[in-house]
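Worth knowing before you read on, the calculation uses all heavy atoms, side chains too, and leaves out hydrogens, waters and symmetry mates. If you're wondering where the values come from, they're calculated on a predicted model, not measured in any experiment.
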Amino acid sequence: QLQLVESGGGLVQPGGSLRLSCAASGFNLDYYGIGWFRQAPGKERAFVICINNSGGSTNYADSVKGRFTISRDNADNTVYLQMNSLKPEDTAIYYCAARRTFYGDLCERTWNRYTTWGQGTQVTVSS
């Protein structure tokens with residue numbers, strides 16, 4: 001069974017950092033692009049950042065450029081989202097999602113192109 005599990009969320013003060021993990025089981029992440037999305041209360045799900053299956057290409061929402069980075073460790077079957085300089089508006093449930101692609105294809109910014117989703121992890125930025 002294909003499964004993604006996010007972890008690493010929590011409460012952090014503005015300006016702080018968190019690292020989220022997205023661990024895959026039941027399939028090999030080598031063949032999958034990974035996206036992170038977030039959903040705040042009362043808002044639609046929004047693209048945050050993604051990385052293609054080779055790790056050679058990433059894409060960022062304008063709102064997180066310069067603050068968030070994504071990386072992957074295919075040996076551990078895990079993708080990481082490093083979030084720095086967090087702001088209250090970053091508060092949301094963060095979801096990772098996987099999409100199988102040809103090797104080297106660019107990752108997707110559109111949520112409905114992803115086929116496997118995690119359960120989400122809450123990130124709260126507040127003083």
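The shortest side-chain heavy-atom distance between Gln82 and Ser17 falls under the 4.5 Å cut-off. In this structure, the side chains of Asn77 and Asn28 come closer than 4.5 Å at one or more pairs of heavy atoms.
Screening Leu81, Thr91, Val64 for a side chain to side chain contact (heavy atoms under 4.5 Å, CB included) involving Arg38 leaves a single residue, Val64.
The structure places CG of Leu4 at 9.0 Å from CD of Gln119, a figure rounded to the nearest 0.5 Å. Atom OG1 in Thr69 sits 6.5 Å away from atom CG in Asn84 (nearest 0.5 Å). How far CD1 of Ile34 is from CD1 of Ile51: 9.0 Å, rounded to the nearest 0.5 Å. One distance of note links OH of Tyr94 with OG of Ser7; it measures 15.0 Å at 0.5 Å rounding. Atoms CH2 and OH, from Trp36 and Tyr80 in turn, are 10.5 Å apart once rounded to the nearest 0.5 Å. Here the CZ atom belonging to Arg67 is positioned 7.0 Å from the OG atom belonging to Ser85, to the nearest 0.5 angstrom.
For Glu89, the CD atom sits in a packed shell: over 12 heavy atoms of surrounding residues, nucleotides or ligands are nearer than 6.0 Å.
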Verdict with supporting geometry, Tyr114 and Arg99, side-chain hydrogen bond (donor to acceptor under 3.5 Å, both in side chains): CA-CA 5 Å; Tyr114 290 83; Arg99 175 176 181 266; over 6 Å; no

Derivation of the side chain to side chain contact (heavy atoms under 4.5 Å, CB included) call for Asn52 and Asp105: CA-CA 7 Å; Asn52 73 343; Asp105 277 1; over 6 Å; no

Audit row: Ser126, Leu11, side chain to side chain contact (heavy atoms under 4.5 Å, CB included) steps and yes/no: CA-CA 7 Å; Ser126 175; Leu11 172 65; 4.2 Å; yes

Stepwise side chain to side chain contact (heavy atoms under 4.5 Å, CB included) check, Met83 with Leu20: CA-CA 8 Å; Met83 306 186 295; Leu20 305 185; 3.8 Å; yes

Arg100 vs Phe27, side chain to side chain contact (heavy atoms under 4.5 Å, CB included): CA-CA, chis, key distance, verdict: CA-CA 10 Å; Arg100 183 156 181 155; Phe27 65 107; over 6 Å; no

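Using a distance-only test at 3.5 Å, with no hydrogens or angles considered, a donor-acceptor pair links the side chain of Glu6 to the main chain of Cys96.
When hydrophobic clusters are built by joining Ile, Leu, Val, Met, Phe, Trp and Tyr residues whose side-chain heavy atoms come closer than 4.5 Å, directly or via intermediates, Tyr95 is not grouped with Tyr60. Using a 4.5 Å cut-off between side-chain heavy atoms of Ile, Leu, Val, Met, Phe, Trp and Tyr, with links allowed through other members, Trp117 and Phe47 fall into the same hydrophobic cluster. No continuous path of ILVMFWY side-chain contacts below 4.5 Å connects Leu106 to Leu29, so the two sit in separate hydrophobic clusters. In this structure, Phe68 is a member of the same hydrophobic cluster as Val12, with clusters built from ILVMFWY side-chain heavy atoms closer than 4.5 Å.
Relative to the six-membered ring of Phe37, Arg45 misses at least one condition, a distance below 6.0 Å or an angle of at most 45° to the axis.
Remark: Asp90 does not engage Lys87 in a salt bridge, criterion side-chain N to carboxylate O under 4.0 Å.
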